[in-house]
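For reference, the structure is listed below as structure tokens.
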Amino acid sequence: MSDKTNLEYWAFFPAGFSGMGPEDFGIKVGERKEDGNYDATFLVPAEKEWQMARLLMHLLSNNFVREDRPMQVTKTEHITRITVEYPGYLGDPNAEHKY
């Protein structure tokens, strides 16, 4: 069994396509919602702006966004936060890889 969590597996797929490795960004997960899904926030440092733009386009084009839960993007001088929905069918985000 791997030591990566479900959340890490899920997050590294779009981040990898964006040219980022696990050391290039952070991710935080919110509380479980009524529908079993979670909000997950990618934290991308300002110096990774081009990778962040590629990540944003990947998330938009791969339907991680629902009409009733739009993607949220906030940007400061130092960091960009992209909040999307982590699908609950993948299991507990902090559990070891199970799917």
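As the structure is a computational prediction, the values presented were derived from the model and not from experiment.
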Heavy atoms from other residues, nucleotides or ligands near CD of Glu34 exceed 12 (cutoff 6.0 Å): no
Whether Asp39 side chain and Glu85 backbone form a donor-acceptor pair below 3.5 Å: no
Can you name the nearest heavy-atom pair linking [X] to [Y], along with the distance?
| X | Y | answer |
| --- | --- | --- |
| Asp24 | Met20 | OD2-CA, 3.4 Å |
| Ala15 | Leu55 | N-CD1, 4.0 Å |
| Gly30 | Tyr38 | O-CD2, 3.4 Å |
| Ser18 | Gln51 | O-CG, 3.3 Å |

Output field: ring centroids Phe13/Tyr9 closer than 6.0 Å: no
Aromatic contact, Phe17 with Phe12 (centres under 6.0 Å): no
Side-chain contact test, heavy atoms from C-beta onward, threshold under 4.5 Å: evaluate it for [X] versus [Y] and give yes or no.
| X | Y | value |
| --- | --- | --- |
| Ile79 | Thr76 | yes |
| Val73 | Arg81 | no |
| Asn94 | Asn6 | no |
| Met71 | Thr83 | no |

Single-linkage hydrophobic cluster Ile82~Trp50, side-chain heavy atoms < 4.5 angstrom: no
Check against side chain to side chain contact (heavy atoms under 4.5 Å, CB included), Lys28 and Leu43: CA-CA 8 Å; Lys28 290 186 178 183; Leu43 306 166; 3.9 Å; yes
Phe42 and Phe25 aromatic ring geometry - parallel, tilted or perpendicular at 30°/60° bounds: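 Phe25 and Phe42: tilted rings.
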Lys75/Glu49 ion pair, N-O < 4.0 Å: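 Result for this pair is yes, salt bridge flagged.
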Positive for side chain to side chain contact (heavy atoms under 4.5 Å, CB included) with Tyr86, one of Thr41, Leu7, Ile27, Asn37: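 Result: among Thr41, Leu7, Ile27, Asn37, Leu7 is the only option passing the side chain to side chain contact (heavy atoms under 4.5 Å, CB included) with Tyr86.
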